Amino acid sequence: MPRILIIDDERAIRNTLKEILEYESYTVDQAEDGPTGLDLMIRNKYDVVLCDIKMPKMDGLEVLERARLASPDSAFIMISAHGNIETAVDATKKGAFDFIQKPPDLNRLLVTVRNALDRTKLVTETKTLKKKIAKSSEMIGASPELEAVRKAISKVAPTDARVLITGPNGAGKEMVARQLHELSNRNNGPMIEVNCAAIPSELIESELFGHEKGSFTSAVKQRIGKFEQADGGTLFLDEIGDMSLSAQAKVLRALQESKITRVGGEKEITVNVRVIAATNKDLQQEIAERNFREDLYHRLSVILIKVPALNDRRDDIPDLVQRFLQDIARDYGDKPKNIDAKALDYLKSLDWRGNIRELRNVVERLIIMSEDTITEADARTYAGK
């Protein structure tokens, strides 16, 4: 049930607001001054705070500023009998969700509270989703090869340097890209992913840069490209070795000038994007065969991070298997299965050309086909080797 805090030095106002909100089935607490309200916010979690501006001991704007530390996720609605546009603007700049004048109009109050609750719910869901994404992109293992990748990420992530991630399919290049974004100063911005291998060459420019209505036969409306969508955040160009040469030329210009032009358009659009690229190809070989631009390679490869194949870090396999056992069981709504040591040793001995992706598929197969404990015999039977 949503929880609301009312901070106001006038008891009559507090009681009236409490009665109205409790009628709407909200849980309501009261505080007669700012310090008492801040103390309650430290001890309790509130979805919405209704706070008067003119109060003794501490005015509402100071409460608002201090509450950003005590209860950063609470939506603040400022109320005052002495409000004006300047005060409302000041409160908004300090982080208030809205501003209501006394005496509050009942309908206006309830609509504002509902909107504030929607905002709080959205913030909470976004944080939860980010935690899930961060967990799904967590790199599992303690091998020296993986530790080297982690060390590189920790050094590079806080910068805006472009990164080229190399490694075989299924090794975890996307996880590295996500870690770079999550640990960067752009983590509040979007991370937009483009699989260059999955988009036909004739559509890649429209996908990256967008297009204007009527610029080609099927362009029935304007489209915003991935570069614009990633403004203020990170653009991840996966499998960039499969990008056409014409698109490479436009990407190079975008990196050089931080500007793009939509297909069929003339206006230059400034974008603030950090580009991370990944490939399973040998780009030096692709350059020699004239399939990839050398100047673009040098623009992208300010930092090179090589993700090791699973065969090069077999000691991480037990940790990976245990994580997959937990994750897959959670997805199935079941209890995680056990796996015996001999089964793990057998899995470590196999050739994992499909890398982590292949290992996860095998673990899922073992979960489905085995009993409560996965044995060596199960691994030999169902690993598919």
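As a basis for the values below, the full set of heavy atoms in this structure was taken, side chains included, without hydrogen atoms, waters or symmetry mates. Predicted model, so just to flag it, every value in this text is computed and none were measured.
Inter-residue side-chain proximity for D238 and E193 is flagged as unmet; no heavy-atom pair is nearer than 4.5 Å. V63 has its side chain within reach of L38: a pair of non-hydrogen atoms, C-beta onward, lies under 4.5 Å apart. Taking 4.5 Å as the limit, some side-chain heavy atom of L117 sits within range of a side-chain heavy atom of Y26. Using a 4.5 Å heavy-atom threshold, the side chains of L208 and L237 count as touching. Contact annotation: the side chain of S74 never approaches that of D47 to less than 4.5 Å [non-hydrogen atoms, C-beta and beyond]. Between Q284 and I287, some side-chain heavy-atom pair lies under the 4.5 Å cut-off. Annotation: side chain of M139 is in contact with side chain of I153 (closest heavy-atom distance under 4.5 Å). F97 has its side chain within reach of N115: a pair of non-hydrogen atoms, C-beta onward, lies under 4.5 Å apart.
Side-chain N or O atoms of K281 include none that pairs as donor or acceptor with a backbone N or O of E239 at under 3.5 Å. No donor-acceptor pair closer than 3.5 Å links the side chain of R186 to the backbone N or O of T234. Although no hydrogens or angles enter the test, the distance criterion places no donor-acceptor pair under 3.5 Å between the side chain of D52 and the main chain of M55. Checked by atom type and distance alone, the side chain of N355 pairs as donor or acceptor with a backbone atom of L310 at under 3.5 Å. In this structure, H181 contributes its side chain and G189 its backbone to a donor-acceptor pair below 3.5 Å. Using a distance-only test at 3.5 Å, with no hydrogens or angles considered, a donor-acceptor pair links the side chain of W352 to the main chain of L347. Side chain of R314 to backbone of K348: a donor-acceptor contact under 3.5 angstrom is found.
Side-chain polar atoms of R274 and N185 form no donor-acceptor pair below 3.5 angstrom. A donor-acceptor pair shorter than 3.5 Å can be found between the side chains of D351 and N311. Between the side chains of S184 and N187, no donor-acceptor pair of N or O atoms lies under 3.5 Å. With no hydrogens or angles considered, no side-chain donor-acceptor pair links S143 and D315 at under 3.5 Å. Looking at R293 and Q248, their side chains never bring a donor and an acceptor atom within 3.5 Å of each other.
Rounded to the nearest 0.5 angstrom, L61 CG and K93 NZ are separated by 12.5 Å. Considering CZ of F76 and CD of E65, their distance stands at 11.0 Å, rounded to 0.5 Å. Here R253 contributes atom CZ and K259 contributes atom NZ; the two are 8.0 Å apart, rounded to the nearest 0.5 Å. Between the CD atom of E205 and the CD1 atom of I260 there is a distance of 11.5 Å, given to the nearest 0.5 Å. Atom OG1 of residue T36 and atom CE of residue M58 lie 9.5 Å apart, to the nearest 0.5 angstrom. Note that CG of L255 and NE2 of H298 are 14.0 Å apart. Values are rounded to the nearest 0.5 Å.
The two residues A198 and P200 come nearest to each other via the heavy atoms O-CD, 3.9 Å. Taking every heavy atom of both residues into account, L235 and A230 meet most closely at CB-CB, 4.0 Å. The shortest non-hydrogen separation linking P308 to E145 is CG-CB, 3.8 Å. Counting all heavy atoms, side chain and backbone alike, G141 lies closest to L146 at O-CD2, 3.6 Å. Minimum interatomic distance between S370 and Y382 (heavy atoms only, all atoms of both residues): OG-CD1, 4.4 Å. Here the closest non-hydrogen pair linking D242 and A197 is OD2-CB, 3.7 Å.
Salt bridge K151/E147: absent, no basic N to carboxylate O contact under 4.0 Å. Salt-bridge formation is not detected for the pair D29/R43: no Lys NZ or Arg NE/NH1/NH2 atom is positioned less than 4.0 Å from an Asp or Glu carboxylate oxygen. Salt bridge K121/D118: absent, no basic N to carboxylate O contact under 4.0 Å. A salt bridge links E207 with K226; the closest basic N to acidic carboxylate O contact falls under 4.0 Å.
Placement of V48 and M41 in two distinct hydrophobic clusters is found when ILVMFWY residues are connected by side-chain heavy-atom separations under 4.5 Å, directly or transitively. V275 and I303 fall into different hydrophobic clusters, where Ile, Leu, Val, Met, Phe, Trp and Tyr side chains are chained together by heavy-atom contacts under 4.5 Å. Taken together through direct or relayed side-chain contacts under 4.5 Å among Ile, Leu, Val, Met, Phe, Trp and Tyr, I199 and L296 form part of one hydrophobic cluster. Note: the hydrophobic cluster containing I224 does not contain I269 (ILVMFWY, side chain heavy atoms under 4.5 Å, direct or indirect links). F236 and V273 are members of different hydrophobic clusters when ILVMFWY side chains are connected at heavy-atom separations under 4.5 Å.
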Steps toward side-chain contact (heavy atoms from CB on, under 4.5 Å) verdict (V156, V302): CA-CA 10 Å; V156 176; V302 176; over 6 Å; no

Stepwise salt bridge (Lys or Arg N to Asp or Glu O under 4.0 Å) test for R108 and D98: CA-CA 11 Å; R108 166 99 160 88; D98 207 342; 3.3 Å; yes

R262 and E228: CA distance, side-chain angles, deciding distance, side-chain contact (heavy atoms from CB on, under 4.5 Å) verdict: CA-CA 10 Å; R262 296 187 192 127; E228 285 184 79; 2.9 Å; yes

Stepwise salt bridge (Lys or Arg N to Asp or Glu O under 4.0 Å) check, D9 with K57: CA-CA 10 Å; D9 59 319; K57 297 186 181 180; over 6 Å; no

Verdict with supporting geometry, L180 and I165, side-chain contact (heavy atoms from CB on, under 4.5 Å): CA-CA 11 Å; L180 287 166; I165 307 166; 4.2 Å; yes

Criterion side-chain contact (heavy atoms from CB on, under 4.5 Å) on L325 and Q322, from CA distance to verdict: CA-CA 5 Å; L325 288 172; Q322 293 296 341; 3.9 Å; yes

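A salt bridge (Lys or Arg N to Asp or Glu O under 4.0 Å) with D8 holds for exactly one of R14, K102, K18; it is K102. Of the listed residues (I368, I328, I374), just one forms a side-chain contact (heavy atoms from CB on, under 4.5 Å) with V363, and that residue is I328.
By the 6.0 Å contact criterion, NZ on K306 is open, its count of non-hydrogen atoms from other residues, nucleotides or ligands being 12 or less. Within 6.0 Å of NZ on K335 lie no more than 12 heavy atoms contributed by other residues, nucleotides or ligands. Within 6.0 Å of CG on D331 lie more than 12 heavy atoms contributed by other residues, nucleotides or ligands. Crowding of E289 atom CD: a count of heavy atoms from other residues, nucleotides or ligands under 6.0 Å exceeding 12.
When hydrophobic residues (I, L, V, M, F, W, Y) are linked wherever their side-chain heavy atoms come within less than 4.5 Å, the members clustered with F216 are V263.
Annotation: ring-ring contact (aromatic ring centres under 6.0 Å, His included) contacts of F227 (sequence neighbours excluded): F209.
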